[in-house]
Each structure stands twice: as C-alpha cells, then as structure tokens.
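Just below is one structure, and these are the notes that go with it.
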2 protein chains.
Amino acid sequence: MAEAVTDVETRLRDCGLRPTRQRVALADLLFAKGDRHLTVEELHEEATTAGVPVSLATVYNTLHQFTEAGLIRVLAVESAKTYFDTNVSDHHHFFVEGRNEVLDIPVSNLQIDNLPEPPEGMEIAHVDVIIRLREKRR
Amino acid sequence: MAEAVTDVETRLRDCGLRPTRQRVALADLLFAKGDRHLTVEELHEEATTAGVPVSLATVYNTLHQFTEAGLIRVLAVESAKTYFDTNVSDHHHFFVEGRNEVLDIPVSNLQIDNLPEPPEGMEIAHVDVIIRLREKRR
DNA sequence: GTGCCTGCAAATGATTTGCATACGA
DNA sequence: TCGTATGCAAATCATTTGCAGGCAC
C-alpha cells in the first residue's frame, strides 16, 4: 500500500505536478480499481466518502491537469456532464442512451480499417468509437 | 423552391410536427445545403440573418423535436455546446481539438470489423467514430 | 520564504422552464 | 374555437474564475 502511494507520487512528479494530499488521494481513487470512467461529481463524492474532503473546484482542476498530463482522458459522449477515462489507450465504449451510462467494450477485437488521411497539417490524436445502445424493445 | 418548402412541410407532418413558420424555416436552413453540423447558437444566428427571427428557446425545442423524430441527430463530441448533424446515417467525423470544430470524414470507406455483441436486452442504436485531430507540431 | 494549491463564493455559459400570448387546423 | 407553439425572462445546472489563506519544496 505504501508502495502504491509512492508510485502515484512519483507519477505525479514526473508530470510536473506537486504530489499534494488532494492530488494523491484523487489519483489513488482513480487508479486503484483498474479502468474507470467517472464524472467530476462522482469522484468528488468518492473522495469525500473516503475521508478526503476535497473542494469540487479542486476536483475539476485536478482532473483537467491529469488530462493535460495524459494520465486520463476525456470521453467523447454527448452528455451534460464530462466523463473522464483512466484508460488512455485507443479503446472503445458502449454508451447507454437515456441512462447516460458508459460501459467498456469487453473483448476489444474491434478493428477499424481504412482510417482516412487527416487534413493537411493535422495529425490523429486519438480514435474513439462509441457504440450507442438502447433498450431492446420487447 | 416552392416544391422544396412543400417537401419540408410534408416531412414535418409525417413526424407528427405541425409545420409552423419557425419549424419550416429551421428545417429549410438545416436541409438546404446537404450535410451540416451546427450548434443551436449557429442555427439561431442563421435564422435571424435569413429574416426569420426565432427565439433561442424555440431553436432548442425544435432541434430536440427533430432529433426525437429522427430527422437529425446529436453528435458525440465532448464540447461545451451540443452539435446536431443533419446526416442520420452511420458515418463518422473528425473533431479538431482546441478549435472545437467538426469535419466530415471525406471518403467514408472506413470500416469497422468485429463489432461486439451488445449486452443482454440492449441493441445497437448507432455507431459513432470520432477521429480526434490535433495541429501537427512543426 | 516563495510560489504553486486549495477552497470558497461569485461569475459564467449553455440549456430548460413557466407562463402569457399567438397561431395553425 | 381549441390546443399546440412561441417568446420572453427567470431558473437551473455544469463548469470556471478571482482571490485569500495554506502547503510543498
């Protein structure tokens, strides 16, 4: 456990982020349980429950700093709230309409062929596939 | 031209939407120029410029009604504003980071293989591929 | 000690809502 | 006429910002 904390601290330091109590706590929550997608609200609640009273604004700041550092990324779903994903690699998602729920696509043997050329002067940063689901009508 | 208007009216009627002046005007703007993606703000401005002073709230209402009717759809980009797409078929987009700009993927020979099975009781409503672009560093 | 972090509260920006009026069928 | 649409302004919700006090180095 102590080791895990050290890991996170090092990781933050490597990104040029001071390993403050709040940042370490949030990073711990984010990375302790494998891949996750959550909103600012959700993480804030988790932190509070875990006995780390962080301000909502700090969670916003921190998640954006983590995003800039490449530790997490923003999911491209059209929801009122922003979703952050702890898995930064090219992988894909189910998005349940109406319920605004994000699910990982289990076996990612999904494959994309014939990726188009990006326009002049641009390069591909990331490819996102969102498979939108709806409740099957009986 | 008169014919185009009639088309739109019929189309709206078929969706159970009264072809009011505002709805027809907005639909005309949306569908006159082929596929488009725009925000509420943009369409509102276009309408005003075109001499159809619609209220912003009405544009919001109307676009959501059109979406429910399947005439347009919401794009899955993570922007502050919602983007609506007049092309309802499965097709894909470039999204320019930083500039919050949506571009159509030109030759859509992009192909997805091994689509995963949706979870029990769910079905695939739509598949979205977003290729996120960034300015190529010189 | 110095400068980056944090928290709070207020500001902002997109979107929604309530209600009175206007319009299409 | 009758019920639905529209417009306006106020309300709401997520997110951002300014600034005073704290903490890491």
Side-chain angles (χ1 to χ4, degrees), chain A residues 5-6 8-27 29 37-45 47-48 50-69 71-72 74-84 100 102, chain B residues 5-6 8-29 37-45 47-48 50-69 71-72 74-84 98 100 102:
Chain A
V5 171
T6 308
V8 166
E9 288 191 6
T10 308
R11 213 164 158 191
L12 291 180
R13 237 184 273 277
D14 288 350
C15 301
L17 296 173
R18 276 194 195 167
T20 63
R21 194 181 318 122
Q22 292 88 331
R23 284 178 182 163
V24 172
L26 294 178
L29 288 170
H37 350 85
L38 15 92
T39 63
V40 169
E41 205 79 45
E42 286 165 358
L43 185 58
H44 179 247
E45 201 166 331
T48 307
V52 188
V54 201
S55 122
L56 195 59
T58 298
V59 179
Y60 272 102
N61 287 334
T62 304
L63 288 184
H64 285 138
Q65 289 155 357
F66 285 6
T67 301
E68 271 178 66
L71 296 174
I72 59 179
V74 176
L75 281 189
V77 293
E78 12 56 75
S79 152
K81 302 182 183 179
T82 301
Y83 281 80
F84 294 87
N100 265 23
V102 178
Chain B
V5 171
T6 306
V8 167
E9 287 191 5
T10 308
R11 212 164 158 190
L12 292 180
R13 237 184 273 276
D14 289 349
C15 300
L17 296 172
R18 277 195 194 166
T20 64
R21 194 182 317 124
Q22 292 88 332
R23 285 178 182 162
V24 171
L26 293 178
D28 273 342
L29 289 170
H37 349 85
L38 14 94
T39 64
V40 169
E41 206 78 46
E42 286 164 358
L43 185 57
H44 179 247
E45 200 166 332
T48 307
V52 188
V54 200
S55 123
L56 196 59
T58 298
V59 179
Y60 273 101
N61 287 335
T62 304
L63 287 184
H64 285 136
Q65 290 154 357
F66 285 6
T67 301
E68 271 179 64
L71 296 174
I72 59 179
V74 175
L75 280 190
V77 292
E78 10 58 74
S79 153
K81 302 182 182 179
T82 301
Y83 281 79
F84 294 87
N100 266 24
V102 178

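Numbers restart at 1 for each chain; the letters A, B, ... are given by sequence-line order, proteins then strands.
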### Polar side-chain atom of His44(A) near backbone of Ser55(A) as donor-acceptor pair, under 3.5 Å
no

### Side chain Arg23(A), main chain Thr62(A), donor-acceptor under 3.5 Å
no

### Check: Glu9(A) and Val24(A) side chains under 4.5 Å, non-hydrogen atoms
yes

### Message
In this structure, how many angstroms lie between the C1' atom of dG7(D) and the CG atom of Leu26(B), rounded?
### Response
14 Å

### Query
Do the non-hydrogen side-chain atoms of Phe66(A) and Arg11(A) ever get within less than 4.5 Å of each other?
no

### Task
Please tell me if the side chains of Leu38(B) and Tyr83(B) come closer than 4.5 Å, counting only heavy atoms from C-beta onward.
no

### Message
Please report the distance, rounded to the nearest Å, between CD in Glu78(A) and P in dT15(C).
### Response
13 Å

### Query
How is Thr39(B) classified with respect to the nucleic acid when contacts are heavy atoms under 4.0 Å: base, sugar-phosphate, or nothing?
nothing

### Query
Could you give the CG-to-P distance, from Asn100(A) to dC13(D), as a whole number of Å?
15 Å

### Query
Quick one: on DNA chain C, does Thr58(A) or Ala80(B) contact a more 5' nucleotide (nearest heavy atom)?
Thr58(A)

### Task
Can you tell me the distance, in whole Å, between the NZ atom of Lys81(A) and the C1' atom of dT12(D)?
13 Å

### Query
Any side-chain N or O of His64(B) less than 4.0 Å from the OP1 or OP2 oxygen of dT16(C)?
yes

### Task
Look at the side-chain N and O atoms of Arg23(B) and state whether any lies under 4.0 Å from the OP1 or OP2 oxygen of dG24(C).
no

### Query
Can you tell me how far P of dA11(C) sits from CG of Leu56(A), to the nearest Å?
18 Å

### Message
Is there a side-chain contact between Leu12(A) and Leu71(A) in this structure, where contact means two heavy atoms from C-beta onward sitting under 4.5 Å apart?
### Response
yes

### Thr82(A) vs dT15(D): side-chain N/O to OP1/OP2 distance below 4.0 Å
yes

### Query
What does nucleotides 17-25 of chain D look like as a protein-contact string, B for base, S for sugar-phosphate only, - for none, at under 4.0 angstrom between heavy atoms?
B------BS

### Query
In whole angstrom, what separates His44(A)'s NE2 from dC13(D)'s C1'?
16 Å

### Task
Report yes if at least one side-chain N or O of Tyr60(A) is closer than 4.0 Å to OP1 or OP2 of dT15(D); otherwise report no.
yes

### Task
Could you state the atom-to-atom distance from CD of Gln22(A) to C1' of dG7(C) in whole Å?
9 Å

### Query
How long is the span from the CG atom in Asn61(A) to the CD atom in Gln22(A), to the nearest 0.5 Å?
11.0 Å

### Task
Output yes when at least one side-chain N/O atom of Ser55(A) is less than 4.0 Å from OP1 or OP2 of dC8(C), else no.
no

### Task
To the nearest Å, give me how far apart CG (Leu43(B)) and C1' (dA14(C)) are.
16 Å

